[in-house]
Amino acid sequence: MKDCAKFIERCENKISDKFKTIDEIAYFNQVKVLNAFSDNKIAVRHFNGTTGYGYDDEGRDCLGKLYAQAFGAECGIVSPHLLSGTHALTVALFGLLRPNDTLFCISGMPYDTLRGVIFGENNGSLKDFNINFDYCNLINGDFDYESIREKLNDKVKVVYIQRSRGYELRDALSCEEIGKACEFVRELGFNGCIFADNCYGEFVEKKEPTQVGADVIVGSLIKNAGGGLAPTGGYICGKREFVDLIGKRLTAPSIGLEVGSFDGGYRNFYQGLFLAPHTVAQSLKTSLLIGQAMGELGFKNYPSLDKTPYDITRAIEFDDAEKMVNFIREVQYASPVDGYVTCEPWDMPGYDDKIIMAAGTFVSGASIELSADGPVKPPYIAYFQGGLTYEHGKYALTRILDKIG
């Protein structure tokens, strides 16, 4: 594209007011996190690793308390032994549900990798343990309250909400929307656990789902909450009665959260949380810039640019496989790691279609770092997320504009 720098500058000027809003949210959340560090008296000793059973592991235990306070929850589990967001969600669901219970998702069909967990055949899924599943779709991006009223019954033990869009063309759910749904479910007499998949949504707003009615939130540390430093892991925060049950599934029913060592030490987990509000703000600014630029070039993208996003992902519609693939490849070429690699679609575990993924990241697969992916099928949508620095995202955009602008 000719005059690429001027084009980007015009885009930045059009969204400068939104950048200011993002900075205000980041400051609010930074103070919230710092207060949690102060109140929990975090010290250098908390960074030390442990071995064996990990009895009296102060670093592990205090990390859970720190996340819980930052997210407005009673207690938390933060562990490198939670291997991904999907694994953290799986552990939490198996901890909460029993045979003949029903899991009821009120935000549509859950993300691809969780479907095998819920109703896979003979793979150790919830279905294999006679745990039932039901769901209702969103209507125009909002909860279908009438369907919720019709389907909620005494067998439902967990009401499940997926905050982010996954591979769907819908906006992420705001905490205000989640709060209204939680209040509605309670008014219907539901006494079980309201459970929110919080992946991609941490620190995007001033509140988290646990502060508006959700009993449990779950997420990955190689997304928002890890701030780009956590090398692996996941978190589960919420009401003590539910987190305790989940802890007995993470380890063993007779042991719970009394054990669990990690010889590598916890400094990156603590420092990652400290950086998370700022890092998320960088990702949101990158998302808005990409959205503004692609919109000006005629590409539909979501969420709408007339509001602050509710997660760090942006869906860009190409209607053409080659353009989608080229977009994702340019993200890879702009990466600091494996920037020389040409992405190709492949059969990624847990997905029904071939996936192409750009992830030239310091932490393998970390989607808080600049990345893009999507199933190669009509309408050919690239899901763009992350960016540890706005400057990196801006540079990636210059490459994208040179290729498809």
Side-chain angles (χ1 to χ4, degrees), residues 1 4-16 18-20 22-23 25-26 29-30 200 202-204 220-231 268 271-297 299 301 305 308-309 311-316 324 326-343 356-374 382-405:
M1 168 183 280
C4 181
K6 290 184 179 179
F7 174 74
I8 291 176
E9 184 178 3
R10 289 199 303 273
C11 290
E12 288 177 316
N13 289 336
K14 290 179 179 180
I15 53 178
S16 60
K18 297 179 179 63
F19 281 12
K20 183 179 179 180
I22 289 169
D23 287 338
I25 293 170
N29 286 324
Q30 189 69 72
Y200 300 105
E202 300 91 348
F203 300 119
V204 169
S220 165
L221 298 188
I222 64 171
K223 297 182 175 68
N224 302 25
L229 280 187
N268 284 334
Q271 192 173 3
L273 178 62
F274 167 74
L275 288 174
H278 175 73
T279 304
V280 169
Q282 299 296 290
S283 294
L284 289 173
K285 288 180 178 180
T286 299
S287 170
L288 286 172
L289 179 63
I290 293 286
Q292 182 69 38
M294 298 304 289
E296 300 235 353
L297 294 176
F299 294 97
N301 66 93
L305 293 167
T308 302
D311 74 353
I312 65 166
T313 66
R314 178 159 298 277
I316 304 163
M324 172 200 173
N326 284 337
F327 175 91
I328 290 174
R329 283 176 174 167
E330 289 305 318
V331 173
Q332 183 74 32
Y333 294 146
S335 298
V337 181
D338 292 331
Y340 59 89
V341 172
T342 298
C343 303
I356 183 167
M357 179 175 290
T361 55
F362 291 98
V363 174
S364 180
S367 46
I368 187 59
E369 300 187 49
L370 199 72
S371 53
D373 57 87
Y383 296 86
F384 179 94
Q385 60 270 320
L388 298 180
T389 70
Y390 174 72
E391 292 78 12
H392 182 202
K394 185 173 177 178
Y395 168 69
L397 177 58
T398 65
R399 294 198 59 128
I400 291 165
L401 293 175
D402 283 341
K403 186 68 176 181
I404 66 174

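- Taking CG of Leu288 as the start and OG of Ser16 as the end, the distance is 11.0 Å to the nearest 0.5 Å.
- Here Glu330 contributes atom CD and Tyr333 contributes atom OH; the two are 7.0 Å apart, rounded to the nearest 0.5 Å.
- Between Glu296 and Lys14 there is a salt bridge, since a side-chain N of the basic residue sits under 4.0 Å from a carboxylate O of the acidic one.
- Glu369 places a side-chain N or O within donor-acceptor distance of the main-chain N or O of Val363, the cut-off being under 3.5 Å.
- For the pair Ala276 and Ala225, the tightest heavy-atom approach, listed with the atom from each and the gap, is CB-O, 3.8 Å.
- Shown here are the ring-ring contact (aromatic ring centres under 6.0 Å, His included) partners of Tyr390, two or more places apart in sequence or in another chain: Phe19.
- With no hydrogens or angles considered, no side-chain donor-acceptor pair links Ser371 and Tyr383 at under 3.5 Å.
- Looking only at side-chain heavy atoms (C-beta outward), Val280 and Ile312 come within less than 4.5 Å of each other.
- For the pair Gln332 (side chain) and Asp338 (backbone), a donor-acceptor distance under 3.5 Å is present.
- Residues Leu229 and Phe362 form no side-chain contact, since every pair of their non-hydrogen atoms from C-beta on lies 4.5 Å or further apart.
- If you run side chain to side chain contact (heavy atoms under 4.5 Å, CB included) between Leu401 and each of Leu397, Thr398, Ile404, only Leu397 comes through.
- Counting all heavy atoms, side chain and backbone alike, Arg399 lies closest to Ala334 at CD-CB, 3.8 Å.
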Check against side chain to side chain contact (heavy atoms under 4.5 Å, CB included), Phe384 and Phe327: CA-CA 10 Å; Phe384 179 94; Phe327 175 91; 3.9 Å; yes
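- Annotation for Gln282 and Glu391: closest pair OE1-OE1, 4.2 Å, computed over non-hydrogen atoms.
- Checked by atom type and distance alone, the side chain of Asn29 pairs as donor or acceptor with a backbone atom of Phe203 at under 3.5 Å.
- Between Leu388 atom CG and Leu370 atom CG the span is 8.5 Å, to the nearest 0.5 Å.
- Atoms NZ and CD1, on Lys285 and Ile22 in that order, are 7.0 Å from each other to the nearest 0.5 Å.
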Given the rule in the side chain to side chain contact (heavy atoms under 4.5 Å, CB included) test, do Ile400 and Met294 qualify, once you have shown the distances and angles that lead to the verdict? CA-CA 10 Å; Ile400 291 165; Met294 298 304 289; 4.3 Å; yes
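- Atoms CD1 and CD1, from Ile368 and Ile222 in turn, are 10.5 Å apart once rounded to the nearest 0.5 Å.
- When all heavy atoms are compared, the tightest approach of Pro336 to Gly360 is CD-O, 3.5 Å.
- Note: Thr279 OG1 to Lys223 NZ = 15.5 Å, rounded to the nearest 0.5 Å.
- For the pair Arg314 and Leu305, the tightest heavy-atom approach, listed with the atom from each and the gap, is NH2-CD2, 3.9 Å.
- Closest approach of Ile328 to Ala372, counting heavy atoms only: CG2-O, 3.8 Å.
- Applying the side chain to side chain contact (heavy atoms under 4.5 Å, CB included) criterion to Ser335, with sequence neighbours excluded, gives no partner residue.
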Walk me through it: do Arg10 and Gln292 pass the test side chain to side chain contact (heavy atoms under 4.5 Å, CB included)? CA-CA 10 Å; Arg10 289 199 303 273; Gln292 182 69 38; over 6 Å; no
Given the rule in the side chain to side chain contact (heavy atoms under 4.5 Å, CB included) test, do Gln385 and Asp373 qualify, once you have shown the distances and angles that lead to the verdict? CA-CA 9 Å; Gln385 60 270 320; Asp373 57 87; 2.9 Å; yes
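- A donor-acceptor pair under 3.5 Å is absent between the side-chain atoms of Ser287 and the main chain of Ser283, judged by distance alone.
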